[in-house]
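Index from 1, following the sequence.
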Amino acid sequence: MQQTGAGTTASRLGHADLGIATQTDMAAHSSMIASLDPSVPLIADADTGYGGPIMVARTVEQYARGGVAGLHIEDQVQTKRCGHLAGKQVVGVDEFAARIRAAAAARARLGSDLVVIARTDALQPLGFDEALRRLRAARDAGADVGFLEGMRDREQAARAVRELAPWPMLLNMVEHGSTPTLSVDEARELGFRIIIFPFACMAPAYVAMRDGLLALKASGVVGAPKFFTPKFCFEVCGLDQSMAVDAAAGGSAFDAVKENSE
C-alpha cells in the first residue's frame, strides 16, 4: 500500500498539495492506513521530514511506531508542493543529505527495519545530472532506495536506474503528470524495484462519488447496489473481526448481529 501526500491533503484537509499537511496530519493518516492490515507493507509520504534533523528524526519515530514499512523524504523547501506542479524549489544537497542521515540514524536508534527512501525533486529546477548527484549523496547518507520525481521520458528513467545500479529505484507513476505512463511490466523491464500509484484509489473514488451524487441529484435516490447494506459496509471495515474479539473476551453484546447473519 501507499499513502500519498496529495491524497492525504485532499481527503483529510480538502486542499491542494501545497505543503499544507503537517507532520501530525501525515503521521495520523499513515498510522490509520497501516493498521488496516498490518500484514501489508505501507510506504508513506514524509514530505521534507517537516524540519531540521531533530524533526526528521521525530517523523521517523512516529511513522515507525505507527506501523509504516517505508517512507520517502525529499529535498524540496519546507513550503513545498506536489512533485508534478511547476515552480518547485529545493534545498542544498548538504541539507538534503542531512535529512536522510537523520532519518537513517533515527531508524538505527529504534532498532527498526523501516525503509528510508530518498526523493529528489531537483530534476525540474536544476536538471538531470544534479538530480543524480543528490541521489548519490542520499545513498551515501544511508538511504535504502532512490526516488527521482518527475522523470520526463523513458530514457531518463532507464538512465537513472542504470547509473545508480545496483541501488534500488522507485518509480512514482502519476498518470497524466510529468512522467509518461508506464505499466508494471514496463517499469520492471527498465529495472525499477518499486512502483507506486498515487491515483490508484483517488481517481476511481472521485469518479464514483461524482457520478453517484449527480445521479442522486437527478433521480432523488442513491441507487446503491442491493448487496451494499449497512452490515456489508461494516464487514468491509472489519465487523466480523471486531465481534470475534468481543466474543473471545466473553462478551455477548453482538450476539444478535452474529445470529442475524447466520
Return yes when atom CZ of R193 has more than 12 non-hydrogen atoms of other residues, nucleotides or ligands closer than 6.0 Å, and no otherwise. no
Do P198 and N172 have side-chain heavy atoms sitting under 4.5 Å apart? yes
So, taking the atom named CE in M151 and the one named CG in L182, what distance separates them when rounded to the nearest 0.5 Å? 8.0 Å
Any non-hydrogen side-chain atom of T179 less than 4.5 Å from a side-chain atom of V174? no
Taken to the nearest 0.5 Å, the spacing of M32 CE from R12 CZ works out to 7.0 Å
Sole candidate of D121, D75, D47, T48 that passes side chain to side chain donor-acceptor pair (under 3.5 Å) when paired with K80: D47
CE-OG1 distance between M202 and T8, expressed to the nearest 0.5 angstrom: 9.0 Å
With heavy-atom distances below 4.5 Å as the criterion, would you say the side chains of D153 and Q156 are in contact? yes
Interatomic spacing from CG in D17 to OG1 in T4 - rounded to 0.5 Å: 7.0 Å
Picking from V93, L132, L148, what satisfies side chain to side chain contact (heavy atoms under 4.5 Å, CB included) with T120? L148
OG-CD1 distance between S183 and I195, expressed to the nearest 0.5 angstrom: 7.5 Å
For the pair V257 and K231, evaluate side chain to side chain contact (heavy atoms under 4.5 Å, CB included) and give the outcome as yes or no after the intermediate values. CA-CA 9 Å; V257 176; K231 188 168 181 290; 4.1 Å; yes
So, E130 and R133, do they make that salt bridge, N to O below 4.0 Å? yes
Where D37 and S39 come nearest, the two heavy atoms and their spacing: OD1-OG, 2.6 Å
Does L36, at its CG atom, have more than 12 non-hydrogen atoms belonging to other residues, nucleotides or ligands within less than 6.0 Å? yes
Do M26 and Q3 make a side-chain contact, defined as non-hydrogen atoms from C-beta onward lying under 4.5 Å apart? yes
To the nearest 0.5 angstrom, please state how far the CG atom of D246 sits from the OG atom of S252. 7.5 Å
I'd like to know if R159 pairs up with D129 as an ion pair, taking the criterion as any Lys NZ or Arg NE/NH1/NH2 lying under 4.0 Å from an Asp or Glu carboxylate oxygen. yes
